[in-house]
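Have a look at the structure below before the remarks.
Being a predicted model, the structure only gives us computed values, none of them experimental. Lettering follows sequence order; numbering is per chain, from 1. In what follows, every heavy atom counts, from backbone to side chain, and hydrogens, waters and symmetry copies are set aside.
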Amino acid sequence: MNNETQIVDLALENLQKTAGITGIWKPGALKELDGQLELKLNNKTIKLNTEIKRELRGHNLPQIEAMAARFNPLIVVAQYIFPKIKEELREKGIAYLETNGNIFLKQKENFIWLDLQKAALPYVEKTNRAYTKTGAKILFYFLLNEDLLNLPYREIAKLTGVALGNINYVITGLREQNFLLKLDQYRYKFQNKRELLNKWVTAYEKRLKPTLEIGTFRFVKGDAFID
DNA sequence: GGACACCTCAAATGATTCAG
DNA sequence: CTGAATCATTTGAGGTGTCC
């Protein structure tokens, strides 16, 4: 599909950058396969069957192994492969390629292994996390009381009943859309609050409300509704 | 300059959506 | 309707800044 093309293209682009290896990918005719990849390496061309995935996790392994046995040589192209899984693939001698250009390929005459820690870009596009289920929840508290913006993340997390890591995601999301005005080095204040409120309402309807049980919510301060 | 508080980010886990 | 694929959240180690 188009999505698959995107993953392979990005992977090849980065492979070129990091390892100087070029490759061409062609969609395959076979239904079980996601096409074929031709890698150019030292004037040699290596042809590989490909399987394309977004992320590769433990439960995919048996399937991949079966494919590797059937369509040898096989390379797995994925947006992101869990480190442990990569390890297993290497042990089993199955080739892989990630979108950040990390590659492993072991054959009789060819051996490539590239693992760049930092350059990892797990996801192609990041969604703005201010409007997810949890995001909306946090934002709800922020809208009720702007001062919460300036509490330590840990306290915000505790107060909103959400994991620490989310706070930063939400703040970043809001900042990207210019809803936060920097007062000084440490403090923020909302700006363009009306529009933000609209966004929240949409997010609430779409993402949060469907998962809530009716009757489990109340306002933090009793009179907040009238305010 | 050490202790502490706090933030960040990769990895792991969990939840939801999608395809067959 | 079910398992697979994808998207979202949590966890926690490591890094950075701050205060005494």
Judged by atom type as modelled, is there a donor-acceptor pair below 3.5 Å linking the side chain of A:Thr99 to the main-chain atoms of A:Ile7?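 Absent.
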Contacts under 3.5 Å, N or O only, protein and nucleotides 13-20 of chain C:
from, atom 1, to, atom 2, distance (Å)
C:dT18, OP1, A:Tyr186, OH, 3.1

Does A:Asn168 reach a base, just sugar-phosphate, or nothing at all? Heavy atoms under 4.0 Å.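 A:Asn168: backbone/sugar contact only, no base atoms under 4.0 Å.
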Listed nucleotide nearest any side-chain atom of [X], set [options]:
X: A:Arg57; options: B:dA12, B:dT13, B:dC7; value: B:dT13
X: A:Tyr153; options: B:dC7, C:dA5, C:dT10; value: B:dC7
X: A:Gln63; options: B:dA11, C:dT11, C:dA5; value: C:dA5
X: A:Phe82; options: B:dA12, C:dT10, C:dA5; value: B:dA12
X: A:Pro152; options: C:dT10, C:dC7, B:dC6; value: B:dC6

Ring centres of A:Phe142 and A:Phe140 under 6.0 Å apart?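 Here the rings of A:Phe140 and A:Phe142 have centres that are no less than 6.0 Å from each other.
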Just N and O in the side chain of [X]: are any of them under 4.0 Å from OP1 or OP2 of [N]?
X: A:Asn166; N: C:dA8; result: no
X: A:Thr132; N: C:dC7; result: no
X: A:Thr134; N: C:dT9; result: yes
X: A:Lys133; N: C:dT9; result: no
X: A:Tyr169; N: B:dC9; result: no
X: A:Lys84; N: B:dA12; result: yes

Quick one: side chain to side chain donor-acceptor pair (under 3.5 Å) partners of A:Glu146, sequence neighbours excluded?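 Testing A:Glu146 for side chain to side chain donor-acceptor pair (under 3.5 Å), a comparison that skips the adjacent residues, returns A:Lys193.
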Is the shortest side-chain N to carboxylate O distance from A:Glu195 to A:Lys199 below 4.0 Å?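 The answer is no: the pair does not qualify as a salt bridge.
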